[in-house]
Amino acid sequence: MTRPVCLITGASAGIGAACARLAAVRGYDLALTYNSDPAGAEAVAEAAQKAGARTQILQADVADPAAVDAIYSAIDDSFGRLDALINNAGIVDQAARVTQMSHARLRRMFDVNVIGAIMVAQGAVTRMEAAGAGVIVNISSAAARLGSAGQYVDYAASKAAIDIFTKGLSDEVAAKGIRVMAIAPGLIDTDIHAKGGDPGRAARLANNVPMARTGSADEVANAVLWLMSDEASYVTGSTLDVTGGR
Ligand code: NDP
């Protein structure tokens with residue numbers, strides 16, 4: 001039987017990598033994108049192959065429209081179908097007050113986290129509409145609700161955009177057999193905090209979490225794969241918190 005195909009952006013690390021490993025176990029073939037870490041993507045693809053998945057690795061900066069087009073050309077050529085998208089690639093930046101944020105920083109934050117995610121969704125929707133079915137899970141953040149004052153309000157604003165994009169797109173395509181949801185992770189133990197210049201951030205803030213701990217990328221992946229499954233067949237437009245109660 002043909003396996004369904006899932007595209008995961010930012011699959012070379014963290015939450016995207018955990019989603020890839022679990023999606024392979026759940027029976028998906030995988031198109032996996034990375035931006036700067038080919039070795040990370042290779043390791044994830046190898047694990048997915050061991051679980052029985054066909055994999056394709058693609059380099060793409062999601063802020064580059066030509067790179068996003070190239071992702072879809074490659075998927076069309078290799079798989080000829082797209083059943084699911086985990087729209088995960090995202091960035092933070094150094095902790096800063098709003099008054100300290102440069103125009104270049106704001107542009108990059110929104111180019112990657114918002115415009116990139118919307119462009120990636122466009123390609124998926126086009127193919128899913130033609131097929132009359134599909135599921136999209138956007139990776140938002142609890143920051144969209146909390147605001148991240150003094151750290152990265154720009155990031156929080158970019159993720160709030162993802163939440164309302166999720167609702168609007170889901171309404172637009174619900175009657176065409178496509179479900180669109182978001183997951184809002186809380187403090188998840190991945191390298192994103194170090195990339196934002198604060199490796200100890202998640203552990204330091206864990207006491208603010210009702211469960212008094214950080215979450216793992218695997219715990220986020222479990223929620224993503226549930227939303228993608230038929231068990232969530234009447235769910236669309238929602239953003240699901242995976243935050244330990246935060
Ligand atoms: P990581 O930094 O561990 O992984 C980020 C992934 O996104 C990597 O695969 C990276 O690729 C890719 N990526 C980064 N920039 C780009 C780009 N311009 N184009 C394409 N891919 C890119 O982060 P997480 O796994 O923690 O984060 C994944 C998602 O979850 C993000 O959207 C993040 O905002 C969100 N999130 C994370 C939380 C957390 O606490 N960890 C909390 C809430 C939300 P490469 O390494 O190859 O450059």
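Indexing begins at 1, ligand by ligand and atom by atom, following the structure's order. By convention here, the first residue in the shown sequence is residue 1.
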message: Considering only residues two or more places apart or on different chains, which pairs with a residue in residues 118-131 satisfy side-chain hydrogen bond (donor to acceptor under 3.5 Å, both in side chains)?
response: Asp76-Arg127
query: Any luck finding a side-chain donor-acceptor pair between Ser140 and Asp163 under 3.5 Å?
result: yes
query: Is a salt bridge present between Asp241 and Arg145, judged by a nitrogen-to-oxygen distance below 4.0 Å?
result: yes
- prompt: Other than Tyr234, what residues sit in its cluster of Ile, Leu, Val, Met, Phe, Trp and Tyr side chains whose heavy atoms are under 4.5 Å apart, directly or through others?
  reply: none
message: Which residues pass the side-chain hydrogen bond (donor to acceptor under 3.5 Å, both in side chains) test with Arg213, not counting sequence neighbours?
response: Glu219
- request: Among Arg107, Lys159, Arg105, Arg108, find the residue that satisfies the salt bridge (Lys or Arg N to Asp or Glu O under 4.0 Å) test when tested with Asp154.
  value: Arg105
message: Distance under 4.0 Å, heavy atoms only, partner ligand 1: which residues pass?
response: Gly10, Ala11, Ser12, Ala13, Gly14, Ile15, Tyr34, Asn35, Ser36, Asp37, Ala60, Asp61, Val62, Asn88, Ala89, Gly90, Ile91, Arg108, Val112, Ile139, Ser140, Ser141, Tyr155, Lys159, Pro185, Gly186, Leu187, Ile188, Thr190, Asp191, Ile192, His193, Lys195
